[in-house]
Amino acid sequence: MTRWERLLRWEEEHRFAVDATGTGILLLFVLVTATHITSAAGDPTRSVVTLLVSLLIVAPLAWRRVRPTASAAAVYTAALLQLAFYTPLVVPADFAVLLALYSVTVHGPRWAHRVAIAGALVGCLLLGVAMNGWYNSAGASSTAVFTGVVALSVWAFGLVRRSRRETIEALVDRAERLEVERDQQSQIATAAERARIAREMHDIVAHSLTVMIAQADGGRYAADADPSAAPRALGTIAETGRAALTDMRRLLGVLRGSAEPIPSAGQVPSVPGPGGLRPAATQDFAPQPAESDIGALVEQMRASGLRASLVRMGEPRNLPPGAGLTVFRIAQESLTNVLKHAGPDPLVTVLVQWLPAAIVLEVSDDGRGASAASPDGLGQGLVGMRERAAMFGGSVSAGPRPGGGFRVRAQLPTPTDTAPSTASPDERTTPVPSTQDERR
């Protein structure tokens, strides 16, 4: 900000003090001038009255920007009283009428400056008649036209200044509103990003810990009857923990914006798990899981001892970016809830159905999940699933199913002009396992 801009800002913030100082200087000049003019006439009474009239006309200018309408009304009233009852008809202080007209035009409401210019034109007509008499029409007209042109010129200049001031105020207001909108958008984006990170953290941590706890409990109970079960359970726990650690490092690396490479497949074993369903390549960021990775997820749950089957119906298609991850995360959370709440040895069916304009994911079990309460009392899983589906215009319903058990059903709309999925022929022609096959 330049020195001139700082001076203008200070002057704008101290309007009354600046105007009062200027009015005092003007009043001093007017009084000295009026004293010299009236002293030549040798009439002390007229000198005192002239000074009083000058004071009444000029003093209201101290409020010309703080109270422009009242200031102009006071100046006009004093000038009218002078015109009606005092001689001479014109004194140096009368120039304050033009200042009052300019001030009310720039700073006052619209009706005020319109009334002010009308009053000024009427005053010009009365001044011409008072100075030249009713019978000297030429002199009265000349005086009225001259003073009227001066008043209209001041009024026009005031309108130009008013338009410029309104334009600047509009630009300043627009800039302030844009700043507020920018801050609001930033807050909304931050809140959305926090919610997304919270969902990712919940899916990674909750699913991995549930699998690890299930394996640890199963290995402990089966250690006596089957000593080889404990090493298998420990191996699954280690693999799941490594996969979860890889996902956590990848997520934190994105948040941190670090240039450090994310551990690749050569550093951390690639195993089926959250975020580790596809073998990592040499790049820093592995692909996010998608709908086609649900099969590997079901296999992981089977390795955890859950009787799970996968059913695919319809012709697979490519999903929009992020929609495949949403389907996978909903399936992951649903299967995690089965491990946590369905009770011992539940039978789970995962249905992926491709409709002409949507994809339907349904995870149902025959356990006691409908009557089991969340051990942590938080219950953020269903909320996260609904939030994920809502971002793509989908919906999630969850609740007890007829005959017992629990069902989670999610439906997401899909574009109708998408190309067929690039899944391998083996994935597309995988036979649907029956319940008997799963039990065997």
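- Among pairs with a residue in residues 114-131, none fulfils side chain to side chain donor-acceptor pair (under 3.5 Å), at least two apart in sequence or across chains.
- Checking side-chain atoms of Arg401 against main-chain N and O of Asp365 turns up a donor-acceptor pair under 3.5 Å.
- Closest non-hydrogen pair, Ala62 versus Ala20, comes out as CB-CA, 3.9 Å.
- Under a 3.5 Å cut-off, the side chain of His14 and the backbone N or O of Trp10 do form a donor-acceptor pair.
- Remark: Asp173 CG to Ile168 CD1 distance equals 13.5 Å, nearest 0.5 Å.
- Looking at Ser334 and Met385, their side chains come closer than 4.5 Å, going by heavy atoms from C-beta outward.
- A parallel orientation is assigned to the rings of Phe157 and Tyr102, their planes being inclined by less than 30° (bins at 30° and 60°).
- Side-chain atoms of Ser71 do not come within 3.5 Å of backbone N or O of Arg67 as any donor-acceptor pair.
- Between Leu81 and Val53, every side-chain heavy-atom pair lies at or beyond the 4.5 Å cut-off.
- Proximity of a side-chain donor or acceptor of Ser186 to a complementary backbone N or O of Arg182 within less than 3.5 Å is not detected.
- Contacts of Met391 classified as side chain to side chain contact (heavy atoms under 4.5 Å, CB included), with partners at least two apart in sequence or in another chain: Arg199.
- Using a cutoff of 4.0 Å between basic side-chain nitrogens and carboxylate oxygens, Arg329 and Glu333 are not scored as salt-bridged.
- Going from atom OG1 of Thr21 over to atom CG of Leu26 covers 12.5 Å, rounded to the nearest 0.5 Å.
- Taking the side chain as every heavy atom from C-beta outward, Pro402 and Arg407 approach each other to under 4.5 Å.
- Among all heavy-atom pairs drawn from Val75 and Ala96, the shortest one is CG1-O, 3.8 Å.
- In this structure, Ser103 contributes its side chain and Leu99 its backbone to a donor-acceptor pair below 3.5 Å.
- Exactly one residue among Leu412, Leu351, Thr326, Val352 makes a side-chain contact (heavy atoms from CB on, under 4.5 Å) with Leu361. That residue is Val352.
- Using a cut-off of 4.0 Å between Lys/Arg side-chain N and Asp/Glu carboxylate O, Arg165 and Glu169 are scored as salt-bridged.
- His113 places a side-chain heavy atom less than 4.5 Å from the side chain of Leu159.
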From CA spacing to verdict: salt bridge (charged side-chain N to carboxylate O under 4.0 Å, His left out), Glu166, Arg162: CA-CA 6 Å; Glu166 291 178 347; Arg162 179 189 182 92; 3.2 Å; yes
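- In this structure, the separation between CD1 on Ile359 and CD on Glu291 is 4.5 Å, given to the nearest 0.5 Å.
- Atom CG in Leu325 sits 11.0 Å away from atom CG in Leu319 (nearest 0.5 Å).
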Verdict with supporting geometry, Thr23 and Trp63, side chain to side chain contact (heavy atoms under 4.5 Å, CB included): CA-CA 9 Å; Thr23 301; Trp63 291 270; over 6 Å; no
From CA spacing to verdict: side chain to side chain contact (heavy atoms under 4.5 Å, CB included), Asp94, Gln82: CA-CA 9 Å; Asp94 290 333; Gln82 174 207 349; 2.6 Å; yes
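- Summarising the geometry of Ser54 relative to Leu27, their closest heavy-atom pair is O-CD1, 3.9 Å, with the distance given to 0.1 Å.
- Heavy atoms of other residues, nucleotides or ligands lying less than 6.0 angstrom from CZ of Phe392 number more than 12.
- No donor-acceptor distance shorter than 3.5 angstrom exists from the side chain of Asp183 to the backbone of Val180, with no hydrogens or angles considered.
- For Phe16, the CZ atom sits in a packed shell: over 12 heavy atoms of surrounding residues, nucleotides or ligands are nearer than 6.0 Å.
- Closest approach of Val104 to Ala116, counting heavy atoms only: CG1-CB, 3.6 Å.
- Taking every heavy atom of both residues into account, Arg386 and Ala398 meet most closely at NH2-N, 4.4 Å.
- Atom CG of Leu52 is separated from atom CD1 of Ile57 by 10.0 Å, given to the nearest 0.5 angstrom.
- Between Thr69 and Trp111 there is a side-chain heavy-atom pair separated by less than 4.5 Å.
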Verdict with supporting geometry, Gln300 and Leu335, side chain to side chain contact (heavy atoms under 4.5 Å, CB included): CA-CA 10 Å; Gln300 182 193 19; Leu335 292 174; over 6 Å; no
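- To the nearest 0.5 Å, atom CE of residue Met131 and atom CG of residue Leu83 are 10.0 Å apart.
- For Arg164, the CZ atom is loosely surrounded, since the number of other residues' heavy atoms within 6.0 Å does not exceed 12.
- Considering all non-hydrogen atoms of both residues, Ala151 and Leu98 come closest at CA-CD2, 4.2 Å.
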Intermediate values then yes/no, side chain to side chain contact (heavy atoms under 4.5 Å, CB included), Arg161 and Thr105: CA-CA 9 Å; Arg161 292 291 300 173; Thr105 303; over 6 Å; no
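- Without hydrogens or angle criteria, Arg409 side chain to Ser397 main chain gives no donor-acceptor distance under 3.5 Å.
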